[in-house]
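So the structure is just underneath, and the comments pick up after that.
Side chains are part of it too, since the values below use all heavy atoms of this structure and drop only hydrogens, waters and symmetry mates. Order of the sequence lines sets the chain letters (A, B, ...), proteins ahead of strands, with each chain counted from 1.
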Amino acid sequence: MPQEFSQIDRRHPRNDALPKALGLERFAADHYPEGLLWAGARRAGIPHARIRTVDVSAAAALPGVVRVLTRADVAGSNLQGIVHKDQPVLAGDKVRHCGDAVALVLAVDRETLARALSLVRLDLEPLPGVFDPAQALKKGAPLVHEGRRGGNVLVRASIRTGRGAAVLRECPVVVRGTFSTPMQAHAFIETENGTARLLPDGTLEMTVSTQAPFRDRFEIAQALGLDPMRIRVVAPYLGGGFGGKDGATVQCLLALAALHAGGRPVKMWWEREESMLAGYKRHAARLTYALGADRDGTLRALSCRIVMDSGAYAHLGGEVMALGMESAGGPYRIPHADIRGLCVYTNNPVAGAFRGFGAAQTAFAAERMMDRLAEKLGMDPLELRLRNALRRGDRNAAGVTMTASTGMAACLEALRAHPAYAAREAWKRAAPPHARRGAGVAAACIGVGYGRGLPDAATARIELTETGTFRIFNAVPDMGQGNASAFALIAAEALGQSPASFELVQPDTACCLPSGSSSAGRTTYTYGNALVRACGALRDRLLVRGAMALLADDTADLTLAPGAVRHVKSGRAVPLALLARMMILEDRTATAEFVMPVTPDATGGKGFVIGFPHLLFAYAAVLALSEVDELTGAVRVRRFVSATDGGRVLNPQGFEQQVAGALIQGMGWALSEDVLTREGRILNPDLSTYLVPTAADAPEVDCLAVDSVEETGPFGMKGIGEVNLNAALPSIGAAVQDACGARLDAAPLTPEKVLGARPRRARRTP
Amino acid sequence: MSRVHAPRGLAELLALRADLPGAALMAGGTDLVPRSRARGGLPEDVILLQDVPELHGITSGKGLLRIGAAATHAALLADPRVGRGLPVLARALACLASPAIRNMGSIGGNICTASPAGDTLPPLHVLEARVELAGREGVRELSLAEFILGPGRTALGPGEVLCAVLVPRPEGFSLQHFEKVGLRGAMAIAVVSLAAMLRLDGRGRVAEARLAWGSAGPAVVRCPAAEAALLGRRPTLSALRAAARHARAAVRPIDDLRASAAYRREVAGNLLLRLADLSSR
Ligand SMILES: Cc1cc2nc3c(=O)[nH]c(=O)nc-3n(C[C@H](O)[C@H](O)[C@H](O)COP(=O)(O)OP(=O)(O)OC[C@H]3O[C@@H](n4cnc5c(N)ncnc54)[C@H](O)[C@@H]3O)c2cc1C
């Protein structure tokens with residue numbers, strides 16, 4: 001029976017739309033506290049070296065320089081990292097990539113800071129480095145981290161299901177391929193930054209562009225030897241995050257600077273080039289696949305080898321790989337699989353979390369293998385996918401059972417029913433001169449939430465204000481994905497109020513309650529669930545207080561109406577503004593917890609710390625319509641049609657923004673984004689050489705939502721911020737091949753590669 | 001911090017230029033400012049061109065258009081004498097950078113930057129435009145090829161400014177085309193570009209061809225052999241293929257992050273084939 005909603009599933013403008021359009025929203029970067037000092041890091045500039053000395057005397061002597069700090073000034077473990085703590089705040093004995101910070105300068109202004117940084121004299125003894133995983137895995141290769149049992153191997157993991165890869169030998173049809181995907185930069189508009197100040201009472205107060213304020217406190221405390229409860233982190237709206245602000249960026253350096261600033265506020269703000277150099281990246285990956293099927297297209301066996309480049313430090317390398325391995329077989333039933341992954345240290349820039357989180361890399365390989373299989377079998381690529389699509393109760397290649405909402409087939413069916421799909425051949429035939437058009441389909445899935453091994457929790461807090469409106473204490477940063485607005489909508493629905501009566505407090509560890517990070521498609525799901533509970537508690541409380549005011553026997557005939565508690569039978573009501581005046585703050589406040597349920601599956605996975613397996617998955621099927629210029633090899637995506645299973649859509653506007661944004665970010669990775677390095681040095685460290693798509697590149701995007709309800713989600717939703725990104729590259733790859741025959745297994749699909757990869761027969765045409 | 005000077009007329013500008021030989025001229029600043037970022041900041045003195053009326057505006061002279069050096073790309077596009085009268089230039093302006101940059105950046109700045117990838121340069125070459133330079137000693141005129149000496153190098157004298165670009169009005173060039181190959185749809189530096197003007201006779205045969213390539217050598221590349229190969233022929237694929245072979249032999253491209261020299265060479269020729277699509281319409 002369809003549920004009736006008053007707010008959910010209707011278009012609402014986001015709460016931050018107007019303030020952002022007017023330039024009124026204050027991002028962390030907009031904070032300039034009175035009397036601030038500027039902090040900046042001196043970066044190593046070479047990829048692998050032993051540090052002989054760091055001579056700060058000239059820098060410290062420069063007028064306007066307040067302090068110059070080195071490793072010796074760090075009192076704690078000096079190690080940062082979310083799961084594996086291996087990244088020094090300030091490198092002391094060794095440099096492992098060009099972006100390592102070796103000294104921290106505090107100065108009165110930016111010009112002085114820049115001069116002082118150049119005056120820090122580094123005496124570094126260069127060491128031979130390793131710049132790709134294959135080189136790092138060789139016997140006797142230089143070690144990025146000495147004294148580890150695994151050498152340069154950060155994580156080695158494997159998943160074996162059924163009878164494993166041996167079954168390939170029994171398969172009448174087997175396809176093979178080797179794929180590679182590049183390092184990608186998040187390229188958010190607001191680069192990593194924050195401000196910090198040590199208050200007279202010893203509290204360290206920070207405002208940071210961060211995805212994980214609650215975790216930050218512990219990471220900073222451990223690295224610097226502080227009490228986490230004396231650290232307050234405020235996280236305003238972020239000017240983009242995409243995973244790149246999950247984990248320490250400026251946090252520890254900034255806190256260290258504040259400890260030595262004599263109580264003055266300190267600001268650190270990475271320049272674009274510094275953000276490229278020291279910020280995290282999507283793991284470059286190499287994937288070797290074999291996929292076996294029966295003649296009717298039923299998938300039987302999968303073998304895959306995944307090698308990811310972690311760069312100099314771990315960040316979330318193991319977890320990224322876990323997620324990639326979990327969906328290595330795509331959203332399909334494959335009974336026998338052997339999936340192996342290696343995440344390897346090199347002296348390259350540090351890889352970390354990025355929207356798509358490992359599954360983006362494996363989706364490229366898995367989906368292009370499906371295309372290859374369809375070609376070999378003479379089957380329609382969409383039909384082949386549909387035949388094998390996971391349905392509720394099925395197991396995927398990694399042995400994870402889909403026990404929750406599983407709309408993969410529905411997504412493919414919705415795509416097939418879309419007019420653009422039926423019209424694709426006619427569209428191709430209408431190609432302008434010297435252009436070839438092609439259509440490509442891809443399906444994708446991604447686990448929602450942290451996966452097993454770490455509670456995925458959030459704590460909501462909501463209060464009735466003294467004036468009878470509501471205030472939500474959001475504890476999970478909004479990096480642009482719109483979760484804060486979604487919270488107002490969820491609370492409005494739960495309390496039967498208009499969304500305009502909700503005010504949002506953005507994350508602040510001093511008044512919001514501990515919650516996990518803004519990541520993993522879990523942001524709205526987890527906090528939203530906690531909020532629904534908190535709203536329920538608040539409503540019950542208000543009804544009891546209302547009964548008192550209305551002299552009702554009990555709450556049976558009372559409802560919470562917009563702005564009032566009403567007695568349904570008599571029509572009498574007490575305004576919330578009046579009720580609020582009779583309640584103390586504690587009485588007007590409700591809090592509630594939610595911990596994401598986990599899958600009971602114990603699968604054959606080996607080598608994972610956390611992050612495997614998942615209970616919930618989001619699904620998407622995408623059609624890419626692309627045009628290839630025969631004279632230049634340039635690829636233009638003209639249209640994406642996406643059908644997504646994200647459970648129930650809370651706000652179609654927010655849904656569309658996430659779907660289109662993910663597809664276009666994925667398109668950038670497919671066509672032009674590639675962090676180029678030579679011996680660990682980035683060759684394209686700015687936005688005129690590292691090319692993200694512009695508005696002029698953005699195709700038309702049709703965003704369909706399939707009918708789906710995730711029963712465990714707030715009003716039936718689950719996270720969909722990532723899944724479409726994973727389908728962009730394979731669908732474009734398929735469309736390019738369909739257009740001109742160029743089969744490119746190494747992304748990005750640059751004009752030069754496309755022009756060179758067209759088969760001979762196609763090349764003669766111009 | 002730099003001292004910023006804003007002269008109100010050409011005479012004042014030339015006087016300042018003589019007094020401050022180390023000063024940078026700044027029109028829109030869209031090249032100067034990003035470039036100085038890498039050099040640790042702007043020079044001590046910056047002279048703005050925005051308030052010098054002699055450098056603005058477009059005037060029609062006898063058989064030519066005089067375009068003020070500080071005219072912005074957006075202003076040029078909005079003027080029908082460029083927008084409709086000089087399609088080869090208008091096409092280049094329309095794909096130069098982005099709307100915001102086109103509102104700031106000037107044609108004079110694009111010329112003086114003398115980048116092999118400057119988008120107005122191939123069109124100005126095929127239009128056989130000349131530049132007007134003013135100094136305290138007077139005014140002189142140079143062809144574009146004389147003015148641009150190599151990447152980032154021009155014949156601008158120490159006390160001089162570029163005042164205007166003089167563009168002869170093209171007569172009878174019914175086919176004008178500009179195409180830039182960039183790595184994205186906007187804000188893309190040319191990997192290779194082509195400006196072409198064809199004058200056709202009554203039977204559709206090429207009576208005159210002017211072709212120029214950007215990002216295909218240290219400066220704009222003209223290729224007389226390719227132009228000659230088209231003479232007397234209709235611009236068909238086979239005629240254009242022959243011209244393309246000459247073009248590929250004439251260009252001197254480099255390898256860089258964006259593309260290899262081999263790709264640039266191949267595409268420099270390929271771009272000519274687009275003219276067949278245009279002439280068949
Ligand atoms: C994001 C971005 C994208 C861009 N995309 C493109 C593109 O697609 N294609 C392209 O061709 N360019 C591009 N550019 C470069 C730039 O915008 C153009 O070259 C523009 O035309 C420069 O004009 P300007 O007025 O801003 O020059 P300025 O920066 O003011 O000046 C550039 C140089 O010329 C000198 N100069 C300027 N005017 C005069 C004069 N009258 N006399 C003597 N010297 C003078 C200056 O001293 C300086 O050395 C881009 C720039 C940016 C920032």
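A 4.5 Å side-chain heavy-atom check between A:Thr632 and B:Tyr263 finds at least one atom pair inside the cut-off. Counting heavy atoms from C-beta on, the side chains of B:Glu266 and A:Leu631 never come closer than 4.5 Å.
Interface residue A:Leu683: backbone and side-chain heavy atoms are both found under 4.5 Å from chain B. For A:Asp686, no part lies near chain B; criterion is any non-hydrogen pair under 4.5 Å. Contacts of B:Arg264 with chain A are absent, with no heavy-atom separation under 4.5 Å from either backbone or side chain. Heavy atoms closer than 4.5 Å to chain B are found in both the backbone and the side chain of A:Val692. For A:Leu687, the part lying near chain B is the backbone, with the side chain staying farther off; criterion is any non-hydrogen pair under 4.5 Å. In this structure, no portion of A:Glu111 lies under 4.5 Å from any heavy atom of chain B.
Between the CG atom of A:Asn684 and the CG atom of B:Asp256 there is a distance of 11.5 Å, given to the nearest 0.5 Å.
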A:Glu273/B:Arg37 under salt bridge (charged side-chain N to carboxylate O under 4.0 Å, His left out): CA gap, chis, key distance, verdict | CA-CA 11 Å; A:Glu273 293 83 351; B:Arg37 206 173 130 77; 2.5 Å; yes
Given the rule in the side chain to side chain contact (heavy atoms under 4.5 Å, CB included) test, do A:Leu755 and B:Val267 qualify, once you have shown the distances and angles that lead to the verdict?
-> CA-CA 9 Å; A:Leu755 199 66; B:Val267 174; 3.7 Å; yes
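Classification of B:Arg258 and A:Glu752 as a salt-bridged pair fails, no side-chain N sitting under 4.0 Å from a carboxylate O.
At a heavy-atom separation below 4.5 angstrom, chain A is approached by no residue within residues 94-108 of chain B. Of all residues spanning residues 178-200 of chain B, those with a heavy atom less than 4.5 Å away from chain A's heavy atoms are B:Glu179, B:Val181, B:Leu183, B:Arg184, B:Gly185, B:Ala186, B:Met187, arranged by number.
Atom CZ of A:Arg636 is surrounded by more than 12 heavy atoms from other residues, nucleotides or ligands within 6.0 Å.
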